[in-house]
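Counting begins at 1 with the first residue of the sequence. Fair warning: this is a prediction, and the values are worked out from it, not measured in the lab.
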Amino acid sequence: MSCPFNLVHFSGLDKMLLTRTSKSGLWTLQKTYWFRTCPPAYLASSPSRPHGTWNSAGSTRRRFVVAAGAGLGIGTILAYGNYRRQAAEVDPPASTSGPPFPVFTRQEVACHHSDADRVWVTYGSDVFDVTDFLELHPGGKSKILLAAGGALEPFWALYAMHKQEHVLEILQSYKVGELSPEEPPQPSVGDPYAEDPPRHPALKINTLKPFNAEPPSEVIAENYLTPSPFFFKRNHLPVPLVDPAAYRLHVQDACGRTLSLSLRDLKRSFRKHDVVATVQCAGNRRAEMNALQSTNRLGWGIGAISTACWGGVLLRDVLVHAGYQPGDEGHVCFEGLDRDQSGTVYGASIPLKKAMNPEGDVLLAYEMNGEELPRDHGFPLRVVVPGTVGARSVKWLTRISVGPEESKSHWQRKDYKGFSPAVTWDTVDFSKAPSIQEMPVQSAITEPSPDASVTPGELTVKGYAWSGGGRNVIRVDVSLDGGKSWREAELTGEEQLPGRAWAWKLWQLKASVPTGTKQLNIVCKAVDSSYNEQPDTVGPIWNILGVLNNAWHRVRISVGED
Ligand code: HEM
Ligand SMILES: Nc1nc2c(c(=O)[nH]1)N[C@H]1C(S)=C(S)[C@@H](COP(=O)(O)O)O[C@H]1N2
Ligand SMILES: [Mo]
């Protein structure tokens, strides 16, 4: 589409006339408001972030005002600046709640579909200029651009975690106008999550669509193998509905051909292996990072970690069948069947070395805890990469390929990486940090929970501990006084081979709480077989993505009367 609008930055004006073009392209004075501009210094100092912050005290609202006009032959003038509104409108709006925004048609919004023309989107009847948010978007620039010039609704139906207060607040700060009341509403789209499976009602839901939920903390350490309904669920997209009879796994072989394997082929041609492995999301315990400084991302508690006995075939066996050899270099890329409107699929990769290692135990799993893999966990087939961040254990696996580079997926390249606390969204360079693979040593207190009622007498403290890379947890230290004095907890769990300790240890400590105790400040920390320890506080490991929080876990509880 060719656009009749251009943008010109106004500055230093005392008053500004807001005009809007008619569809005929003639200059039309549709509405006239008077504004006093911000001090010119303000405009000069921050031309790149012109959006205003919303302050409910009407007189101090900073507001973006757009004047649009199209001329015949002489081109277009569109004023675009940040103005502090101080005078009343010449033509006051019906509502007294605040000054009106300029009004646009959907066609006009559609003109703003690229960086060069600014990127506008609509949500409900509001119009937003999100150009300055493109690089800051946690979901990536390319994703926002899908909605550029149009409505967010069809996309947010899929990525429905946007319908949260903190996201809507961000959006609100970019508001530049409203849709003309004559514009028909955006037709509603079918719910892409309508086919999602039923879930256990006890799960603590982080976002419903996509479904992200964790078990309540009291449940976590009740079972060494997490019952599948309580296993945490981390989905980026709707759960695909797969017909197991029609299902094929596509494997690119060493000669570049594609092998197509049915579930039957997999089960018949390769030996079955069972691996007990913990899966942990990189965002586990992000809530503690958010409490320090928000990352605007899913606030997982301590439950984005669970353990299962996975049954399936070794990825190594399938790769050897496809002609790959132990010494080969490269990365194994996985693709899931879950996809968005643009056809983007969930994808991730691991080093080929991990996949080919006879002691790596990377599984293509079709069973979980002795039963068919549940839909939420990747039915009919998923990857389980023991010792490695959950993001690489691709569910609903449809394609495996081997190449010299890591997966090009957003979740491999633009997420699940660790940064210094100094790195901001303005300075982040994703190419500088390696993707998270093995994870650091971790532990948490599952009981008592912070809201538990504790009385003097015997107290049992429980929790979990785990480390990545097959490193065994050798010790868990627990303190009831904030870290002044420590005791060793008792560990339980399967003895796994050195270097292949893929599953967590559960731990407990029986302590007696003396009469008169007012408060307990319970702390735990684990040590792994390489003598790695956890950092004591979150501050020095806080990062913009809110990943890899493995600080000492602390639970403060007040002690009641006997
Ligand atoms: C234009 C306004 C938008 C705003 C203000 C916005 C804001 C955000 C925020 C704050 C998050 C982090 C959410 C969280 O983890 O709790 C996020 C994530 C994300 N957004 Fe957006 N977004 C916008 C548009 C879009 C569009 C149009 C799409 C898709 C076409 C999209 C796709 C995503 C994806 C894929 C993620 C990452 C989710 C994940 O980690 O799985 N966003 N966005
Ligand atoms: N296809 C696909 N695979 C995926 C995901 C996804 O959204 N789609 N999420 C990943 C992430 S980030 C994690 S932590 C684990 C979670 O696995 P679970 O839901 O079985 O606990 O799956 C990984 N595999
Ligand atoms: Mo994850």
Do the side chains of [X] and [Y] get close enough for a salt bridge, i.e. N-O under 4.0 angstrom?
| X | Y | result |
| --- | --- | --- |
| Lys462 | Glu222 | yes |
| Asp415 | Arg297 | yes |
| Glu329 | Lys353 | no |
| Asp536 | Lys525 | no |
| Glu406 | Arg413 | no |
| Arg475 | Asp477 | yes |

For residues [X] and [Y], determine if any side-chain heavy atom of one lies less than 4.5 Å from a side-chain heavy atom of the other.
| X | Y | value |
| --- | --- | --- |
| Asn549 | Arg286 | no |
| Trp310 | Val279 | yes |
| Leu506 | Leu491 | no |
| Leu314 | Leu363 | yes |
| Cys524 | Trp507 | yes |

Quick check: closest heavy atoms across [X] and [Y], and the distance to 0.1 Å?
| X | Y | result |
| --- | --- | --- |
| Thr307 | Ala503 | CG2-CB, 4.1 Å |
| Ile220 | Gly303 | CD1-CA, 3.7 Å |
| Gln437 | Ile350 | OE1-CG2, 3.6 Å |
| Val383 | Val385 | CG1-CG2, 3.7 Å |
| Ala213 | Leu203 | CB-CB, 3.9 Å |
| Pro380 | Leu263 | CB-CD1, 3.6 Å |

Using only heavy-atom distances, determine whether the side chains of [X] and [Y] contain a donor-acceptor pair under 3.5 Å.
| X | Y | answer |
| --- | --- | --- |
| Ser407 | Ser349 | no |
| Asn472 | Ser529 | no |
| Asp429 | Ser431 | yes |
| Glu218 | Ser449 | yes |

Listing request: all ring-ring contact (aromatic ring centres under 6.0 Å, His included) pairs with a residue in [range], at least two apart in sequence or in separate chains.
| range | answer |
| --- | --- |
| residues 447-496 | Tyr464-Trp504, Trp486-Trp552 |
| residues 351-372 | none |
| residues 408-429 | His236-Trp411, Tyr346-Trp411, Phe419-Phe430 |

For [X], what residues pass the ring pair (Phe, Tyr, Trp, His ring centres under 6.0 Å) criterion, not counting sequence neighbours?
| X | answer |
| --- | --- |
| Tyr193 | none |
| Phe270 | His321 |
| His273 | none |

#### Entry: Criterion salt bridge (Lys or Arg N to Asp or Glu O under 4.0 Å) on Lys209 and Asp191, from CA distance to verdict
CA-CA 10 Å; Lys209 301 172 182 186; Asp191 181 359; 2.7 Å; yes
Report task. Report the C-alpha distance between Glu494 and Lys505 in whole Å, list the side-chain angles of each, state the deciding distance to 0.1 Å, and finish with yes or no for salt bridge (Lys or Arg N to Asp or Glu O under 4.0 Å). Result -> CA-CA 8 Å; Glu494 195 175 83; Lys505 286 277 171 19; over 6 Å; no
Check your understanding: Regarding Arg199 and the six-membered ring of Phe211, is the cationic atom NZ or CZ under 6.0 Å from the ring centre and inside 45° of its axis?
Key ->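 Yes, a cation-pi geometry holds between Arg199 and Phe211.
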Centroid-to-centroid, Phe128 to Tyr123, below 6.0 Å?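 No; Tyr123 has its ring centre 6.0 Å or more from that of Phe128.
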| request: Please lay out, stage by stage, how Asp376 and Asn235 fare under the test side-chain hydrogen bond (donor to acceptor under 3.5 Å, both in side chains). | output: CA-CA 8 Å; Asp376 259 326; Asn235 299 334; 3.1 Å; yes
#### Entry: Verdict with reasoning, Lys143 to His137, per side-chain hydrogen bond (donor to acceptor under 3.5 Å, both in side chains)
CA-CA 9 Å; Lys143 282 282 180 287; His137 180 227; over 6 Å; no
